[in-house]
Every structure is written in structure tokens, then in C-alpha cells.
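I'd like to ask some things about the structure below.
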Amino acid sequence: MRMSQAFIPTEKEAPKDAVLPSHIYLTRAGFIAQVASGLYNLMPLGKRVLKKIETIINEEMARAGAQEVELSFVTPAELWEESGRIEKFGKELLRFRDRKENLFVLGPTHEEMMVNLVRNRVNSYKQLPLNLYQIKTKFRDEARPRFGLMRAREFVMKDGYSFHTSYEDLDREFDAMEAAYKRVLERLGLDFRIVEADSGAIGGSGSKELMVLADSGEDTLAVCDRCEYGANIEAARRSERREIPEAPEADFNKFATPGIKSIEDLGSFFHVDPYYTLKAVAKRAIYEEGDEVVVFFLRGCDDLQEVKAVNACGALDLVDVSEEELSALGLVPGFIGPLDLDTVRTIFDADVKGAANMICGANETDYHFVGVDLSVLPEAAQYAALYEVKEGDGCPVCDGKLSYTKGIEVGHIFKLGTVYSAPLGAQFLNENGKAEPFVMGTYGMGVSRLIAAVIEQHHDEKGCVWTKATAPYLVNLMISNIKDEEQVALAESLYASLQAAGVDVIMDDRKERFGFKAKDAELVGYPLTVIIGKELANGIVQFFDRAEDTKTDVPSSEAFARIMEWIG
RNA sequence: CGGGAUGUAGCGCAGUAUGGUUAGCGCACCAAGCUGGGGGCUUGGGGGUCGCUGGUUCGAGUCCAGUCAUCCCGACCA
């Protein structure tokens with residue numbers, strides 16, 4: 001491409017609405033242009049990057065034996081009613097009627113559509129397993145689109161679905177997809193982590209997220225400093241505690257604790273480690289039908305992880321409860337304890353099961369119990385992991401320590417089982433001629449989000465720094481002075497040779513000054529800019545490596561060979 | 001959906017408090033010339049329903065009401 005003819009509208013100033021580096025630079029460098037909230041046009045450079053990512057995904061999917069399809073973007077609402085998700089997805093589903101008044105939705109994800117495609121077409125175990133995917137525009141009417149391509153309403157996603165006769169076979173495919181996704185991200189040149197994730201209300205036995213590590217990531221991850229373990233904070237686990245504080249000596253007793261409501265105060269009042277105090281967190285659990293107050297108990301040194309709490313009580317959501325509501329249930333905020341507490345549902349963190357020497361609220365204003373042995377709790381008490389992992393906690397798989405980092409979720413794979421196939425009646429006949437629902441897996445990857453993720457991870461104060469695999473053009477031939485015939489001649493010759501060699505090359509043949517072109521090259525972020533300028537008089541051109549931010553002199557006669565060598 | 005802010009040329013902004021010539025500035029754009037290694041200079045140009053609707057007024061970018069849009073914080077996010 002000749003830059004003099006290219007549509008690459010770069011801008012000196014960032015749009016005032018942009019906050020994230022990816023949003024700022026992709027806009028300034030002429031990759032994307034916003035149309036409305038959460039809607040973006042991709043300009044030529046943006047489209048080229050998208051295609052590169054798509055190509056890599058397609059190659060890895062082909063290698064993994066998945067087949068590409070393309071499902072219609074507009075999907076009949078009946079399918080969503082059939083699966084029951086039309087309510088669940090709520091306002092994120094953009095609905096509309098056609099001229100015959102039939103209701104449709106713009107697909108936010110395509111489980112229903114894919115199951116619908118396969119059911120009644122695949123009806124024998126002999127036709128399984130099957131892995132179908134597409135790379136397609138999706139639409140989710142997000143309550144709050146933001147961060148440019150990172151959280152847009154319309155976006156491009158690779159979504160794959162696999163169909164199996166058994167959970168064992170699903171496990172095999174799940175692992176294969178994890179490996180394939182890993183290769184995709186490695187090829188893109190990204191620093192990432194595959195982490196354990198919350199499966200959400202959908203359930204399923206396994207769920208992993210692919211996280212590109214970047215400070216601007218919206219997810220908090222707990223990662224091990226020694227091994228590969230990583231998990232979304234919502235699902236993170238830790239090893240058994242090794243250092244248990246010395247236990248306070250006290251017989252069971254009721255103690256006056258005037259005004260001592262917080263764990264911190266309680267600890268200093270009794271001079272005990274918060275480990276031996278019992279924290280009570282009351283929430284209102286919202287169910288599909290009805291709601292109730294649930295009190296979660298955990299050690300004072302731990303904090304409640306809300307997603308784990310939601311899963312533990314099977315609620316759709318947890319909301320805060322007012323002190324008045326608690327009082328109405330006979331609960332005394334600041335003094336809530338588990339003993340003889342039968343007016344509300346309670347759930348205990350597994351770590352307090354059978355704990356002794358505990359201090360807990362007495363369900364009476366200004367009183368706590370000391371020397372409590374929680375083995376007195378009824379057999380039927382519910383225990384679950386409720387704690388949130390903290391930095392410094394032990395890794396659950398090795399001797400390492402966990403620390404927090406931020407990640408951008410660019411992929412999510414999980415084992416669906418029969419969650420969709422059963423309600424949608426998608427079945428096959430097994431070896432015994434008996435009908436069974438497909439066992440399914442689903443594998444998503446945010447393709448347009450990956451464009452932003454690359455820049456979040458690879459940029460500096462001057463602009464984008466594309467990786468070799470994602471760059472819109474790998475090599476930029478910059479003619480310093482377009483009036484210099486010698487410079488033009490060399491550039492033209494290199495341009496032709498590189499094109500013939502199949503290299504993605506662009507030539508800056510604009511009638512602009514050196515500085516302008518240099519700034520532009522840095523902003524757009526071509527991995528290699530070959531500066532053909534005044535040094536050519538001495539037989540020298542310069543290689544500007546964007547990622548390394550270095551300039552290297554190269555004899556002009558060796559330019560082509562050295563470019564090919566640089567590409568590798 | 002709660003809280004906050006902003007809409008003036010393609011982009012970034014001033015002007016609005018206290019209504020009053022022809023609505024300004026920088027960048028970008030067009031023309032000519034100079035310049036040619038870090039977004040260069042000079043001269044001359046083009047480009048505006050001041051988000052929209054209604055109201056107050058002799059007169060509204062400016063005041064009032066409504067409305068739409070966009071962004072930020074939070075809630076939400078298979």
C-alpha cells in the first residue's frame with residue numbers, strides 16, 4: 001500500500017471521550033471510529049488487524065478439527081423462549097419485529113442457534129463428536145458500554161460449540177480447545193494466563209477464562225508466583241493455612257462488649273487474632289421466585305467473596321440489607337452470631353467447621369460469646385467456600401504465594417453438559433438405540449476485544465506497538481524526502497521486492513517532512529520502519545524497531561535481505 | 001438503573017457569570033511560496049441550523065422548561 005493513497009486518518013489529539021490507551025491510540029492512529037455508544041467502524045488498518053487475528057484463529061481451529069459455519073445474526077425469539085434465556089438475558093437482548101410482526105433478537109451468543117442447527121441433523125452417536133464454530137458479529141445492549149472496543153455493544157466473537165456422547169469425550173475436547181486457544185494467544189504475541197473461573201448460574205464442571213494481563217483489565221486474578229496456577233478472584237482457592245495464630249484460652253462465656261461491633265475492635269478488645277473471631281455478613285438473596293435474608297459466617301480475618309456466596313445459596317443475586325430489616329428479623333447488627341440463630345438461613349465458610357476457641361456475636365446488643373466451639377452447630381449446617389483469596393495466601397497447588405494481577409477476559413471456555421441440549425430437545429441415539437441429549441462444551445473468544453487487548457499490553461506514550469502477528473503492516477518504508485530521486489528509487493525497488501516476497505508492506509510516499517512521518521509511524525506502530533533518508537548518500541538506511549525503540553544503521557545494498565531476516 | 005458531567009467547524013477548546021456588531025482560537029483542510037532528520041514557516045482562503053424543541057425578550061450560543069446524545073463513577077456483564 002502506498003500511504004499517499006491510503007485511508008489512514010491519524011489525529012494529533014485524542015477524542016475527549018477516550019480513557020484507555022487502546023481506545024485513544026486506535027482512534028488517533030486511524031484504526032477505529034466511534035459511531036454511537038458502543039458502536040465502532042473499523043477503518044482499513046483496524047480491519048486488517050481483525051483479519052489477521054481471525055486468520056490465526058481459523059488456522060488453529062482447523063488444526064484442532066473444528067469446522068467453521070456462519071449462523072444468521074438475526075435470530076427468532078422463539079428459540080430464546082424455548083431455552084428460557086429470553087428472560088434471563090433481559091434488556092441486553094436487542095429485540096425487534098419484522099414486517100409480519102414476528103419477534104427477533106440480534107444474537108448476543110449462539111448456543112440456541114447452534115443447537116437448533118444440529119438437532120435433528122445429527123441423530124446418531126456415529127456422527128459425534130462434532131465441533132462447530134463461527135466468527136461473527138454479536139450484539140449485546142450493554143447497560144454501560146465503555147473503553148472503546150473493550151466493552152462495545154456490537155463486537156466480533158469467535159464462538160464454538162462441541163457435541164459429545166459422553167462427559168469423558170467432552171473433557172478431551174475441552175482440553176484440546178484450551179490448548180488451541182493457548183496457541184492462538186501465543187501466536188498473537190500476548191502475555192496471558194489461563195485461569196479457573198466461576199461457571200456462573202449456567203453451572204458445569206469446568207470453566208476457564210483466558211486473561212490477557214494488563215493493568216486496565218476489568219477482572220482481578222489471583223496468580224501463583226511459582227507455578228501456573230491462576231484463578232479469577234471470584235473462583236480463586238488457597239492452600240490450607242500453615243501458620244495458625246495461638247489460640248486464646250477461655251471457657252465458654254457471655255461477655256459484655258459495649259459498642260464493639262467491628263472485627264477490628266473485637267480483636268483489640270480481647271487481644272486475640274481476628275482468626276478466632278466469627279464474622280457475620282448478612283445479605284438479601286434474590287431467587288427466581290422470592291427472596292430471603294441469608295447470613296454468611298466466616299473467620300474474622302477473611303472477607304466474603306460475593307460470587308462464591310451467590311453460588312452457595314443458589315441465588316440469582318445478593319443485595320445489601322438495611323439495619324432495620326435485620327432488626328425486624330431479630331438480628332442485632334454488630335452482634336450477630338450462629339448460636340440459636342433460627343430466624344434466617346445461615347451458611348458457613350468451610351474453614352470454620354468444628355472451629356474452637358471462637359468469639360462470636362451473642363445476638364444481643366453489646367454482648368459476645370467467647371470460648372465458642374462450633375462443633376456444637378447442628379449436623380445439617382451448610383458449609384461452603386465463601387472466602388476471598390488475599391495476596392500472600394498460599395497457592396492451592398504448590399508452595400508458592402498468590403498475588404493479584406489484572407486481566408482482560410479475551411476467552412472463556414466451559415463445559416455446558418446438557419444445559420441447552422436437554423431443554424431444546426437435541427438428542428442422539430446411543431449404541432443401545434436410546435435417546436440422550438448431547439453433552440456440550442462452549443468456547444468463546446472476543447476477537448474485536450483482542451485488538452484492544454493487544455494495544456493495552458503493547459503501547460507506549462507515543463502510540464501503538466503492534467506485535468508481528470497482529471500488525472496491519474509489518475514493514476513501513478519511509479521515504480524521508482519525496483523529492484530525493486535516489487531515496488524514491490530505493491524505496492520503490494524495496495517495495496516491489498517485499499510485495500513479491502509476500503510481506504505486508506506499506507510505503508510512506510507522502511509529501512511530508514521527516515518529523516511528521518516519523519511521529520505517524522510511531523503512532524500507528526508498524527513493527528519495523530525502514531528510514532530511507534539523508535544517510536542514503538552514505539549508502540545507509542536505518543531500521544527503526546518500534547518495540548525495541550532502537551534505530552540501526554544498515555547498508556542500503558543489504559536492506560532487503562536484512563528486512564527478510566528481521567521478519568524471521 | 002442510581003450518582004456526576006458535557007454538547008459551539010472534522011478534532012481539541014474559548015465565549016455563557018452580567019443577553020446586544022459579522023461567534024472566536026489551535027490543529028486539520030485548500031492555494032501559492034519557502035523549507036526538507038522529529039507533527040516546520042509565511043501569506044491568502046474555505047468550512048458553523050452554537051445538540052434538538054418550545055418559551056421569555058426589541059434582541060438568545062448566553063436566561064427558562066422540556067427533550068436527545070455522549071462520557072465518567074457505581075450496579076449490571078453467557
Side-chain angles (χ1 to χ4, degrees), chain A residues 9-20 23-24 27-28 30 33-39 80 83-93 107-114 138-148 150-153 155 157 159 161 197-204 207 209 218-219 232 234 286 306-307 310 316-320 409 411-414 416 419-420 440 442-446 449 462-463 478-484 487 508 510-524 529 531-537 540-542 544 551:
Chain A
T10 57
E11 281 158 21
K12 208 165 177 176
E13 287 184 271
K16 64 172 179 188
D17 293 339
V19 179
L20 285 195
H23 190 188
I24 291 170
T27 303
R28 280 192 53 203
Q34 181 169 3
V35 195
S37 180
L39 304 179
W80 292 82
S83 72
R85 282 212 294 183
I86 194 153
E87 296 303 328
K88 196 161 182 281
F89 242 98
K91 288 188 172 173
E92 295 216 346
L93 276 182
T109 174
H110 280 183
E111 279 83 3
E112 286 83 354
M113 287 286 282
M114 197 66 89
K138 300 279 185 279
F139 192 93
R140 289 181 196 175
D141 201 357
E142 291 270 358
R144 193 182 157 205
R146 59 188 130 169
F147 302 145
M150 202 68 87
R151 182 167 293 282
R153 289 192 293 175
F155 56 98
M157 182 164 102
D159 52 325
Y161 309 86
D198 172 53
S199 313
I202 290 272
S207 169
E209 289 169 336
E218 294 186 82
D219 290 280
N232 193 308
E234 299 171 352
I286 312 292
E306 244 184 73
V307 172
V310 165
L316 294 176
D317 194 15
L318 292 178
V319 296
D320 289 341
E409 182 189 345
H412 196 169
I413 58 178
F414 57 94
L416 283 178
V419 178
Y420 290 92
M440 293 178 58
T442 181
Y443 320 97
M445 187 169 252
R449 177 179 281 185
K462 295 176 193 162
M478 183 180 129
I479 305 171
S480 177
N481 184 353
I482 198 74
K483 287 188 198 164
D484 184 315
Q487 292 179 17
D508 196 344
R510 293 174 297 178
K511 186 182 176 303
E512 296 285 354
R513 295 168 66 93
F514 178 86
F516 183 91
K517 295 185 188 182
K519 292 280 188 208
D520 225 33
E522 284 163 341
L523 176 60
V524 172
T529 292
I531 302 167
I532 301 166
K534 65 180 186 186
E535 289 297 314
L536 184 58
I540 298 289
V541 297
Q542 286 158 305
F544 170 63
K551 266 187 216 169

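Note that the structure is predicted; figures quoted are calculated from it, not measured. Residue numbers begin at 1 in each chain, while the letters A, B, ... track the order of the sequences.
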C1' spacing across the pair B/C27 / B/G37, given as an integer number of angstrom: 23 Å
Residue met sooner reading RNA chain B from 5', once A/G444 and A/L536 are mapped to nucleotides: A/L536
Quiz item: A/E535 side-chain donor-acceptor pair to B/G37 base, under 3.5 Å: no
B/U8 versus B/A69 - spacing of their C1' atoms, nearest Å: 15 Å
Between B/A60 and B/G55 - P atom distance, rounded Å: 12 Å
Whole angstrom value for the distance that separates C1' of B/C77 from CD of A/E409: 9 Å
Sugar-phosphate, base or nothing in reach of A/L523, heavy atoms under 4.0 Å: base
Residue A/R146, side-chain atoms from C-beta onward, closest of B/G39, B/G37, B/C73: B/C73
Selected nucleotide, minimal atom distance to A/K551 side chain, candidates B/C71, B/G38, B/G39: B/G38
Partner nucleotide of B/G74 by Watson-Crick or wobble geometry (both distances under 3.5 Å): B/C1
Atom-to-atom span, CZ of A/R151 to P of B/C73 - whole angstrom: 12 Å
Sugar-phosphate, base or nothing in reach of A/V19, heavy atoms under 4.0 Å: sugar-phosphate
Sugar-phosphate, base or nothing in reach of A/K16, heavy atoms under 4.0 Å: sugar-phosphate
Pairwise P distance for B/G19 and B/U62, with rounding to whole Å: 12 Å
Side-chain (A/R28) to main-chain (A/K12) donor-acceptor, under 3.5 angstrom: yes
Touch class at under 4.0 angstrom, heavy-atom based, for A/Q542 against every strand present: base
Backbone of A/R510 reached by a side-chain donor or acceptor of A/K517 within 3.5 Å: yes
Same-atom distance (P) from B/G20 to B/G47, integer angstrom: 25 Å
Separation between the C1' atoms of B/G10 and B/U18, rounded to whole Å: 34 Å
Touch class at under 4.0 angstrom, heavy-atom based, for A/D484 against every strand present: nothing
Sugar-phosphate, base or nothing in reach of A/R153, heavy atoms under 4.0 Å: nothing
Sugar-phosphate, base or nothing in reach of A/A36, heavy atoms under 4.0 Å: sugar-phosphate
Under 3.5 Å donor-acceptor pair, A/K511 side-chain atoms to B/G40 base atoms: no
P-based separation of B/C63 from B/A5 [nearest Å]: 16 Å
Touch class at under 4.0 angstrom, heavy-atom based, for A/M478 against every strand present: nothing
Who pairs with B/G54 - Watson-Crick or G-U, where each distance is under 3.5 Å: B/C64
Nearest to side-chain heavy atoms of A/E13, which nucleotide of B/G26, B/G38, B/C77: B/G26
Mate of B/U18 where both pairing distances stay under 3.5 Å, Watson-Crick or G-U: none
Validation row: A/N232, A/D198 side chains within 4.5 angstrom (heavy atoms): no
Residue matched to B/C34 through Watson-Crick or wobble contacts both under 3.5 angstrom: B/G40
Closest nucleotide among B/C76, B/G39, B/G38 to the A/A518 side chain: B/G38
Euclidean distance for P, B/G61 against B/U70 (whole angstrom): 26 Å
Any A/H23 side-chain heavy atom under 4.5 Å of A/R146 side chain: no
Base of B/G40 paired with side chain of A/E512 (donor-acceptor, under 3.5 Å): no
Pairwise side-chain contact, A/F155 with A/R449, heavy-atom cut-off 4.5 Å (strictly under): no
Side-chain donor/acceptor of A/E11 to base of B/G10, under 3.5 Å: no
Minimum-distance nucleotide (side-chain atoms of A/K91 versus B/G37, B/C1, B/G38): B/C1
Donor/acceptor link under 3.5 angstrom from A/R144 side chain onto base of B/G74: yes
Selection from B/G40, B/U70, B/G38 that lies nearest to any side-chain heavy atom of A/E522: B/G38
Counterpart residues, side-chain contact (heavy atoms from CB on, under 4.5 Å), relative to A/S480 (two or more places apart): A/Q487, A/F514
Nearest listed nucleotide, side chain of A/A143, among B/C76, B/G37, B/C72: B/C76
Nearest-neighbour nucleotide for the A/S37 side chain, B/G38, B/A75, B/C71 considered: B/C71
Minimum side-chain heavy-atom gap A/L416-A/E111 below 4.5 Å: yes
B/C29 pairs with, by Watson-Crick or G-U criteria that keep both distances under 3.5 Å: B/G45
Whole-Å gap separating P (B/C77) and CZ (A/R449): 14 Å
Aro-ring/base stack A/F516-B/G39, d under 5.5 Å, angle under 30°: no
Heavy-atom side-chain proximity of A/T109 to A/F89 below 4.5 angstrom: yes
